[in-house]
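Side chains included, hydrogens not; waters and symmetry mates left out as well; all remaining heavy atoms used. First the proteins, then the strands, lettered A, B, ... as listed; each starts at 1.
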Amino acid sequence: VRSHGLNVKPTIIDNFENRAKRDTSDLDITFHYYPGCVGNNRVPANRSSGAYIFRPNATSPKQLNPLTTENFNGVLVDEKRVVYDQKVLSVRRHYKELEFIENEWLVGPIDISDDVGKEFAVRYQSDILNNGEFYTDSNGRQVLKRKLNQRPQWNVTLAEPIAGNYYPVTNEIYIENGDKRLTVLTDRSQGGTSLQEGQVELMLHRRLLHDDAFGVGEALNETANGEGLVVRGRHRIFTTKDEVLLRKNILQLHQQPIVFVSEAHIPYDQWL
Amino acid sequence: KFVLNELKSAMGVMQHHDAITGTEKQHVTHDYERLLNQAIDDALLIARQAFNKVTQGDALKPPLFEYARCRLNESSCHASETSDQFIITVYNSLGWDLKEALRIPVVEGSYEVYAPNGQKIDSQLVPIPPLVLKIPTRHSSATHELVFIARLHALGIKSFYIKKIKKNKRDSHTHDYYNVGSN
């Protein structure tokens, strides 16, 4: 990988290097889905996974298999595209003038031909030892420290170890240890967690076949086109601890430049 | 002002917790889509008038530019994929200078991108992933995305002129090539 004068240089995409600190970290991106729980909704303990609640019917998700990989390299951006089964696409890219790695994901339409509702998540696995601690910005106002299987105010035993460790992520989720940090910025509010050491997990897309009895009265099964929705979004991955840079990038991702495209009825010289 | 108020009103409705989290019934989702879509379409009228006023100094003259509604989230834009020359106007709403990568849907070809100062800038053509091309609801002829980096000033507007050139792709000086490796 050529040098481009930036502080972060990915060697797409199995590891990334903080050149300022001459430090390399591993990064692995994998996709998974949780099968949704089906209950009878008569008592709270028997609720289905639905629009209001995430309730997987498994303690570990099913990992998707990569089917094809393509690389595109050019003067501005290097991309690696991985197509997974279950209609999932991941485009990992690095713009040579920008200080982040972008993972553009596409999920759907989610296949429900097996009558199983599914909830898709992405996992970013690094070699950072975070001791079960991770940070989410919760409601977008304040970054809060989360600890796996713990609550700060009382002793807790989680009956649902996956959902019980999921927290709202409005803009950012990160793990850190000493000088090392892995931050993932989201382009929309998502659920996120860190279930294993060095890992950041974010929920991407859900399609469920049963109502969860919290009031909506419908399953989360959007079939406007008869097939379910396709969702496409982006995560931006940073290794920096520069809070100003991160803060700016959070706003930049949410308030992207507004783009207008218009036909030019005038030649270039006149436009100039 | 009334079309701007229509968009403000629609955005107000979208603050409802059901709209934010997606816990509304499906027919309500469709109604939200209808409200927002109509409001955005109407509010674009202001952008069209404003930009033509800025460029011509007279809003009553026939427009130089017609803004197209693009669906960049599905790599679809009628204006850029059907025109041999088009203009990308970008507004940075943030209070600091920034660099942003723009990805404009186009059909395969050779393109030149010009910055507002007339300088030709680097661009790169990358194919749209087949999974995106196959999205059932996507209606677009775009097969590629034209990528370039926009350097934007705080609260600034910039326009880029893009020209499709009848040149062999390999002869282009805009570096709009791509290398493909697959396994």
Against chain B, label [X] side chain, backbone, both or neither, depending on which of its atoms sit under 4.5 Å from a heavy atom there.
X         : answer
Ile258(A) : both
Val77(A)  : both
Leu272(A) : side chain

Do any N or O atoms from the side chain of [X] and from the backbone of [Y] form a donor-acceptor pair under 3.5 angstrom?
X         : Y         : value
Glu222(A) : Gln26(B)  : no
Glu97(A)  : Glu100(B) : no
Lys25(B)  : Glu218(A) : no
Gln124(B) : Leu76(A)  : yes
Gln85(B)  : Tyr268(A) : no

Residue pair [X] / [Y]: nearest heavy atoms and the distance that separates them:
X         : Y         : result
Leu220(A) : Gly22(B)  : CD1-O, 3.9 Å
Trp271(A) : Ser159(B) : CZ2-O, 3.5 Å
Ala79(B)  : Glu263(A) : CB-CG, 4.1 Å
Val91(A)  : Pro129(B) : CG2-CG, 4.3 Å
Arg103(B) : Tyr95(A)  : NH1-OH, 2.9 Å

Between [X] and chain A, with a heavy-atom cut-off of 4.5 Å, which part of the residue counts as in contact: side chain, backbone, both or neither?
X        : result
Asp18(B) : side chain
Ile20(B) : neither
Thr23(B) : both

Tell me, do [X] and [Y] make a side-chain contact under 4.5 Å, heavy atoms counted?
X         : Y         : result
Val216(A) : Glu24(B)  : no
Tyr84(A)  : Leu131(B) : no
Cys70(B)  : Phe260(A) : no
Pro257(A) : Leu98(B)  : yes

* Arg188(A), Glu104(A), Arg232(A): which one forms the most heavy-atom pairs within less than 4.5 Å of chain B? -> Arg232(A)
* When heavy-atom pairs shorter than 4.5 Å are enumerated against chain B, which of Lys87(A), Gln256(A), Gln255(A), Lys248(A) gives the highest number? -> Lys248(A)
* side-chain contact (heavy atoms from CB on, under 4.5 Å) between Leu125(B) and Phe72(A), intermediate numbers included -> CA-CA 10 Å; Leu125(B) 204 64; Phe72(A) 296 88; over 6 Å; no
* Would you give the length of the straight line joining atom CH2 of Trp96(B) to atom CG of Leu251(A), rounded to the nearest 0.5 angstrom? => 4.5 Å
* Rounded distance [0.5 Å steps], OG in Ser93(B) versus CD in Gln252(A) -> 10.0 Å
* **Greater than 12 external heavy atoms within 6.0 Å of His153(B)'s NE2** => no
* Asked: More than 12 heavy atoms of other residues, nucleotides or ligands under 6.0 Å from CE of Met11(B): is that the case?
  -> no
* To do: Under the side-chain contact (heavy atoms from CB on, under 4.5 Å) rule, what do Val132(B) and Leu106(A) come out as? Steps first, then yes or no, please.
  => CA-CA 8 Å; Val132(B) 176; Leu106(A) 180 145; 3.6 Å; yes
* Could you point out which residue of Pro105(B), Ser83(B), Ser80(B) forms a side chain to side chain contact (heavy atoms under 4.5 Å, CB included) with Val261(A)? => Ser80(B)
* Structure fact -> chain A shares the most heavy-atom pairs under 4.5 Å, among Ile88(B), Val28(B), Asn92(B), with Ile88(B)
